[in-house]
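What you see is a predicted model, and the numbers here were worked out from it, not measured in a lab. Only this structure's heavy atoms are used, side chains among them; waters, hydrogens and symmetry mates stay out.
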Amino acid sequence: MRLLRVRPASFIQWVSHVLTWRKLVACDACLCPDTIGYMDKLPAHAAPQPSVEVRLALRQRAESRFAGLPESPTAAQLAQMPLAMRHLLHELQVHQIELEMQNEELRRAQTTLDTERAHYFDFYDLAPVGYCTLDAQGLIGQVNLTTARLMGVTRDRLVARPLSQFIVAEDHDVFYLFRQRLLESGQTVSCELRIKRIDGSFVWVSLAALAVPADDGSTALRLVLGDITERKQAEEKLQLAASVFSQTGEGIIVTDLRGNIVEVNDAFTRITGYSRAEVLGRNPRLLSSGRQAPAVYLALWAELTETGHWSGELWNRRKNGEVYAELLSVSAVRDTQGVVQRYVAMFSDISQSKSHQAQLEHMAYYDVLTGLPNRVLKADRLQQAMALTRRSGKLLAVVYIDLDGFKSINDHYGHAAGDQMLIAVAKHMQAAMREGDTLARVGGDEFAAVLLDLENTEACLPLLERLLDSVALPLHLPEYTLQVSASLGVSFYPQAQEIEADQLLRQADQAMYQAKLSGKDRYQVFDTAQDISLRSWHEDLSHIHQALGNHEFVLYYQPKVNMRTGQVMGVEALIRWQHPAQGLLAPAAFLPVIENHPLAIEVGEWVMDAALTQMELWQAQGVALPVSVNVGALQLQQPDFLARLKALLARHPLVNPAHLELEILETSALQDVVYVSGLIEACRQLGVTFALDDFGTGYSSLIYLKRLRVALLKIDQGFVRDMLHDPDDQAILQGIVGLAGAFHCAVIAEGVETVAHGRLLLQLGCELAQGFGIAKPMPAADLPAWAAGWQPDAAWREA
């Protein structure tokens, strides 16, 4: 209440709750100024009362503050009041001020207390260490947030649970002894153990605890937990590093910035023979063997300074003077600011591996039996020799050597004798070689020699003769004498076109085989021009094979007509190559390449299959024309030719076999007349007919012609082309027409280019013809229209 602001009437009403108005009037004379103690007679509160000095000081402050306030009751109102009431009013007003001042101080104290309490709880909960209280049973009572975070759980899951539940099982004994020591000593004790987190991981903690009395008279434990996981990990690393340093099989040297040794491990002593005491303070150069040039060490320090690391192989010397090879790695050790503090060198003795490596290299590069370089080393030396030859401008020769008759030595005298023969031959040939040349064994009884610095191709001929003579030297053994010869193939470098080392060796190998075919015990120089031609042929074969797979071949068709009647008798299928780069190629551009090669069989079968397919398409358009297909000699002579032909016809059942005519060259038919005549007869049974192409060029006899029951003779265009001016050609043509009639064969002339050619042929009795004068070969799509519109020349009808 604020009494200073209460009206008199309200004040009287308030006082009536304390004393009745009658008592106040009756006691008016009894009230005196010492009513200052009135408030002291009021009932005391439960809260502790301030001291007398504090209360007097408070009264004085309240009096001074009251003196400065305006009076709430008016002067008239005060005059009407009894003196006691005025004193009481004064006392109540001053006491009100006292209460307000006390209340203000209490509020300030409470605010300060709340702030301090908040600071205290912040410090407790967010302390950098964990706080925990355990009761006598080991159950967790109070615990701060740091402890909860350390254990990986919320605080409510810790309270009233035993701390041992969160300790790793292996450390329970440590915790038990820790509690025992704590309760027995009554002093602060500590230990280190592992706390198991809720996620299965664990942390290392240090426990410091003090036993204190609890409210119930038992003993409680106040614990401080510190996370020491990082320290423990660092200790483990240090222990591991110390263990590795002392127990590793590699020698370790630690030096200061000047390179002086400050520490070594046991392996250093074992490898070098120097004890730790003998090398401390000394420079590692005491191990130097002298095999490395000073430049090696300068490069080592330069790289170490620049990159902080160097590794490589060095030769060093042990204390007993023995030289050994070591694999060394040197690294700079820096502090946290990146400043180099130490150098650490780790090395291992690789002497045995070096020796083993040398043995392996010798086995890898040298022939075990003869001691000569093997194929691998020969290839390397040949590459180097070719590079040297390119710079010198001179010639290099590769000689491929194969022993003649060596197999019979192995067969008759055994492999042991054969090995002795190989060793002797290798020794004799090596003696015949010049210094700087290389002789290698490439396998079995084959050798290869690389001859350098030749002025010309003739310069190596005396050396080749010496090699032949050295191989022919006899080998005298206790029981018998052995002797062989050799065939040599020679190839030179450089050549007109750049060539690889493998190709050069293959050339010499090919020449060696030519020497064997020529009689052995001789040498043969490789023919580069012949090889270029052969390689070109192989490339062309490959291109044709690819063209067949890529469907680049097409068929053109040239009509065959009766010049007198104008009837189209059929067409001849002629292959063309639709080359992607060179355009349409005639047969002469590629068929000679595959002659007598198995690829000719594939191409021939493709032609027959494509022709039969086109016949089916023409039949669907209402055009039924016989088609003749050329069959090469190699294809015709295949034992399964008839079976393949039947299979082709079976794939095209709509085609009448009688419309298929096979043209064979007279020369190929005469190679095996018996076989071809039987094949013709078998094909006739299928309905397929034969024509004898280029008749008159094979010098056939009438006996052969009688046995080859062909349906058509084709007069070679060579006789037709010059018939207008050459009486002999006319006579030959007249004879061929007569033979055809005698043997009941039809006859057709090729190469009819003019009307005059056709008129003369008609006069000689030959009505069938084909040639540019009638029509050029054309695509299949153009043929039906041409056949429908073609008419013979009027001169032919009148001939």
For Glu595, all residues meeting salt bridge (Lys or Arg N to Asp or Glu O under 4.0 Å), sequence neighbours excluded:
none
Could you pull out all residues at least two apart from Asp404 that satisfy salt bridge (Lys or Arg N to Asp or Glu O under 4.0 Å)?
Lys516
Please determine which of Leu463, Leu439, Leu488 meets the side chain to side chain contact (heavy atoms under 4.5 Å, CB included) test together with Val399.
Leu488
So, applying side chain to side chain contact (heavy atoms under 4.5 Å, CB included) with Val484, which one of Leu475, Val471, Leu422 is it?
Val471
Going by atom types only, do Tyr675 and Gln637 share a side-chain donor-acceptor pair under 3.5 Å?
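Absent: no donor and acceptor within the cut-off.
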Less than 3.5 Å apart, any donor N or O on the side chain of Tyr324 or Glu322 sitting next to an acceptor on the other?
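Result is no, nothing qualifies.
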Donor-acceptor contact present, side-chain [X] to main-chain [Y], <3.5 Å:
| X | Y | answer |
| --- | --- | --- |
| Arg231 | Thr229 | no |
| Arg318 | Ile271 | yes |
| Arg270 | Asp266 | no |
| Asn630 | Val607 | no |

So which heavy atom on Pro580 is nearest to which on Glu552, and how close?
CD-OE1, 3.4 Å
Is any NZ, NE, NH1 or NH2 atom of the basic residue among [X] and [Y] found under 4.0 Å from an Asp or Glu carboxylate oxygen of the other?
| X | Y | result |
| --- | --- | --- |
| Arg434 | Asp437 | yes |
| Arg506 | Asp502 | no |
| Glu236 | Lys232 | no |

Of all pairs that satisfy ring pair (Phe, Tyr, Trp, His ring centres under 6.0 Å), the ones with a partner from residues 482-524, not counting sequence neighbours:
none
Scan for ring pair (Phe, Tyr, Trp, His ring centres under 6.0 Å) pairs involving residues 449-484, sequence neighbours excluded, and state none if there are none.
Tyr413-Tyr480
Quiz: residues 441-457 side-chain donor-acceptor pairs under 3.5 angstrom, not counting sequence neighbours:
residue: Arg441; atom: NE; partner: Gly444; partner atom: O; Å: 3.0
residue: Arg441; atom: NH1; partner: Asp367; partner atom: OD1; Å: 3.2
residue: Arg441; atom: NH1; partner: Asp367; partner atom: OD2; Å: 3.1
residue: Arg441; atom: NH2; partner: Gly444; partner atom: O; Å: 2.9
residue: Glu446; atom: OE1; partner: Tyr400; partner atom: OH; Å: 2.7
residue: Glu455; atom: OE2; partner: Lys394; partner atom: NZ; Å: 3.3
residue: Asn456; atom: OD1; partner: Glu458; partner atom: N; Å: 3.1
residue: Asn456; atom: OD1; partner: Ala459; partner atom: N; Å: 2.9

Residue pairs, two or more places apart or on separate chains, that pass salt bridge (Lys or Arg N to Asp or Glu O under 4.0 Å) and touch residues 271-283
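Sorted pair list: Glu263-Arg276, Glu278-Lys319.
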May I have all residue pairs that pass salt bridge (Lys or Arg N to Asp or Glu O under 4.0 Å) and include part of residues 302-315, sequence neighbours excluded?
Glu313-Lys354
Return the CD to CZ distance between Glu465 and Arg522, rounded to the nearest 0.5 Å.
11.0 Å
Phe553: partners by ring pair (Phe, Tyr, Trp, His ring centres under 6.0 Å), with sequence neighbours left out:
Trp577, Phe590
If the condition is ring pair (Phe, Tyr, Trp, His ring centres under 6.0 Å), which residues does Trp606 pass it with, not counting sequence neighbours?
none
Using the side chain to side chain donor-acceptor pair (under 3.5 Å) criterion, which residues pair with [X]? Sequence neighbours excluded.
| X | value |
| --- | --- |
| Ser351 | Asp349 |
| His309 | Ser331 |
| Gln384 | Asp380 |

State, yes or no, whether a side-chain contact exists between Gln524 and Leu517 at a heavy-atom distance under 4.5 Å.
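Counting from C-beta outward, Gln524 and Leu517 never come under 4.5 Å.
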